[in-house]
Amino acid sequence: MLTAFTQAFRTPDLRKKLLFTLGIIVVYRVGTHVPIPGVDYRVVQECVSQTSGSQGLFGLVNLFSGGALLQITIFALGILPYITASIILQLLTVVIPRLEALKKEGQAGTAKITQYTRYLAVALAILQGTGLVATARSGALFSGCSAASSIVPDRSIFITILMVITITAGTAVVMWLGELITDRGIGNGMSILMFISIAATFPSALWAIKKQGTLAGGWIEFGAVILVGLVMVGLVVFVEQAQRRIPVQYAKRMIGRRSYGGTSTYIPLKVNQAGVIPVIFASSLLYIPALIAQFSGGNSSWKTWIEQNLTKGDHPVYISLYFLLIVFFAFFYVSISFNPDEVADNMKQYGGFVPGIRAGRPTAQYLSYVLTRITWPGSLYLGVIALVPTIALVGFGATNNFPFGGTSILIIVGVGLETVRQIESQLQQRHYDGFLR
């Protein structure tokens with residue numbers, strides 16, 4: 001990986017792209033520290049220091065915003081509204097025929113779906129920004145801070161609307177920065193910003209582990225956490241690269257005087273076909289009951305049960321539900337993102353077949369069978385990755401939102417591998433001798 005980056009900096013046009021990407025990243029990180037109008041920044045810092053060990057229900061959003069959510073800055077929502085909008089549009093593509101038709105139109109249809117995604121992301125930013133402002137005004141954003149109710153001194157309608165508009169505009173700017181990286185930089189811009197947001201929380205979280213440690217001034221715990229993180233990253237890289245290759249043979253066809261086909265290829269089915277989506281779905285779904293209980297009044301039995309079982313990441317009930325939801329969403333997402341019938345029909349149309357399997361419906365049944373077999377270990381792997389860091393690191397005094405958790409590791413490794421692949425691909429195009437002959 002370091003060799004690829006070194007060679008990229010030696011290539012003039014790639015060096016410009018890398019420097020442009022770094023410049024956008026700097027702008028993004030500066031924006032995560034600019035507070036929105038109407039917020040008492042001194043009180044915010046006081047509450048952050050008092051509740052530094054527990055981020056509560058807002059840990060997932062705070063993770064994707066690089067810590068900007070609890071700072072209540074202009075980039076408080078980060079890239080999460082766009083991620084949510086993309087997932088929603090991807091799910092609706094299977095349900096709404098119009099979106100499915102746009103997806104099959106190629107580049108023009110993809111551009112239209114991207115436009116819809118932007119509109120939905122802005123709508124979600126307005127909704128989430130309103131919820132953030134209301135939560136900050138009520139003091140529920142920092143439940144353990146005595147001065148939380150003073151974060152927003154002026155509670156007039158004008159200031160409230162201004163705060164929501166600022167947060168929404170910040171989300172739109174983040175989307176624009178991500179698209180600039182995609183067009184003029186290296187890698188997928190949205191993924192790069194998500195990578196930076198998560199990586200930005202690593203130094204403070206690791207230093208908190210060191211300060212809370214008791215062995216050799218905390219350095220023993222610090223080294224153990226680093227070792228566990230490296231092992232988890234190695235496991236994720238190994239599984240993310242694993243795939244089941246289904247061989248495909250294309251028969252020869254004579255069109256006029258020319259012969260087409262007769263080639264062999266394969267269909268790569270990844271062991272972790274769903275990526276990080278099941279972990280995000282499961283985390284978000286488990287936040288909903290706790291969020292409802294937090295804003296509901298009274299001391300009913302269901303509220304007490306939720307507060308005792310679904311708000312602590314190390315509780316057995318929480319762990320069991322989290323694991324089962326990850327497995328369920330892994331199968332659910334794979335079933336809607338990969339259509340064996342469509343793949344089998346495309347193969348049959350171009351004269352392709354799996355050796356030993358008849359074309360058409362038998363091929364679709366075979367693909368479905370293989371996909372189910374490899375999704376089981378993939379879903380169990382996601383559950384283990386999401387839970388093992390939580391269980392292991394709680395013993396070192398880590399919070400439930402420690403960055404070496406399943407979501408952060410999967411995203412960082414996935415984005416890192418994809419970015420390195422793109423750099424190596426562009427280097428190969430520029431240094432391939434066959435193009436020069």
Side-chain angles (χ1 to χ4, degrees), residues 79-127 171-172 175 178-179 182-183 188-191 194 243-244 246 248 250 265-282 284-285 325-354 357-375 378-379 382 414 418:
I79 201 65
L80 190 61
Y82 186 86
I83 297 172
T84 307
S86 301
I87 295 174
I88 292 175
L89 261 295
Q90 191 170 3
L91 296 177
L92 291 179
T93 302
V94 185
V95 180
I96 301 177
R98 169 62 179 165
L99 294 178
E100 187 175 3
L102 285 175
K103 184 179 179 181
K104 295 179 180 179
E105 288 182 4
Q107 187 174 0
T110 303
K112 199 69 176 178
I113 293 178
T114 303
Q115 187 177 5
Y116 293 156
T117 305
R118 296 190 193 117
Y119 293 152
L120 182 58
V122 171
L124 290 174
I126 295 174
L127 182 63
T171 301
M175 288 193 295
E179 291 179 357
T182 303
D183 295 338
N188 183 284
M190 304 302 176
S191 301
M194 187 164 46
Q243 57 182 222
R244 169 76 159 86
I246 299 179
V248 178
Y250 285 92
T265 183
Y266 59 87
I267 301 175
L269 296 179
K270 295 180 62 177
V271 173
N272 182 23
Q273 191 81 4
V276 73
I277 301 299
V279 181
I280 297 177
F281 276 8
S284 303
L285 194 61
L325 285 174
I326 290 175
V327 174
F328 169 76
F329 281 121
F331 278 92
F332 173 75
Y333 188 78
V334 168
S335 66
I336 66 173
S337 61
F338 185 89
N339 190 347
D341 294 328
E342 183 179 351
V343 174
D345 291 340
N346 291 336
M347 290 170 53
K348 185 177 180 180
Q349 181 180 357
Y350 292 99
F353 61 94
V354 178
I357 307 294
R358 292 181 58 186
R361 184 169 181 78
T363 299
Q365 293 176 345
Y366 175 73
L367 292 176
S368 178
Y369 169 76
V370 173
L371 194 63
T372 302
R373 290 286 298 273
I374 66 173
T375 302
S379 61
L382 283 177
E418 184 61 29

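Quick caveat, the model's predicted, so the values are computed rather than measured.
In this structure, the separation between OG1 on Thr114 and OH on Tyr82 is 5.5 Å, given to the nearest 0.5 Å. Within the model, atoms CG of Leu92 and CD1 of Ile87 stand 12.0 Å from one another, a figure rounded to the nearest 0.5 Å. Rounding to the nearest 0.5 angstrom, the gap separating the OG atom in Ser86 from the CD1 atom in Ile277 is 9.0 Å. Note that CG of Asn339 is 10.5 Å distant from CG of Leu371, once rounded to the nearest 0.5 Å. Distance CG/Leu99 to CG/Leu89: 6.0 Å, rounded to 0.5 Å. Separating the CD atom in Gln365 from the OG1 atom in Thr363 is a distance of 9.5 Å, to the nearest 0.5 Å.
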Report task. Please assess Val122 against Met175 for the test side-chain contact (heavy atoms from CB on, under 4.5 Å), listing each intermediate value before the final yes or no. Result -> CA-CA 10 Å; Val122 171; Met175 288 193 295; 3.9 Å; yes
Query raised in the report: Where do Phe338 and Leu269 land on the side-chain contact (heavy atoms from CB on, under 4.5 Å) test, with the steps shown first?
Result: CA-CA 10 Å; Phe338 185 89; Leu269 296 179; 3.7 Å; yes
Report task. Mind running side-chain contact (heavy atoms from CB on, under 4.5 Å) on Ile83 and Met194 for me, showing each step along the way? Result -> CA-CA 9 Å; Ile83 297 172; Met194 187 164 46; 3.1 Å; yes
Requested in this report: Check the pair Met347, Ile267 against side-chain contact (heavy atoms from CB on, under 4.5 Å), reporting the backbone distance first and the verdict last.
Outcome: CA-CA 11 Å; Met347 290 170 53; Ile267 301 175; 3.6 Å; yes
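The minimum heavy-atom distance linking Ile374 with Lys270 is given by the pair CD1-O, 3.5 Å. Taking every heavy atom of both residues into account, Pro81 and Thr171 meet most closely at CG-CG2, 3.8 Å. Across all non-hydrogen atoms, the minimal contact from Pro278 to Gly275 is CD-O, 3.6 Å. The minimum heavy-atom distance between Ala330 and Ala274, with the atom names listed, is O-CB, 4.1 Å. The minimum heavy-atom distance between Thr182 and Gly189, with the atom names listed, is OG1-N, 2.8 Å. Here the closest non-hydrogen pair linking Ala282 and Ile326 is CB-CG1, 3.7 Å.
Among the candidates Ile79, Leu124, Thr117, the single residue satisfying the side chain to side chain contact (heavy atoms under 4.5 Å, CB included) test with Thr84 is Leu124.
Residue Gln107 places its CD atom among 12 or fewer non-hydrogen atoms of other residues, nucleotides or ligands, all under 6.0 Å distant.
For the residue pair Gln115 / Tyr119, a side-chain donor-acceptor distance below 3.5 Å is found, with atom types taken as modelled.
The closest side-chain heavy-atom distance from Glu418 to Asn188 is not below 4.5 Å.
Ring geometry, Phe332 versus Phe328: the interplanar angle falls under 30°, so the pair is classed parallel (tilted spans 30 to 60°).
Not one N or O on the side chain of Thr93 forms a donor-acceptor pair closer than 3.5 Å with the backbone of Glu100.
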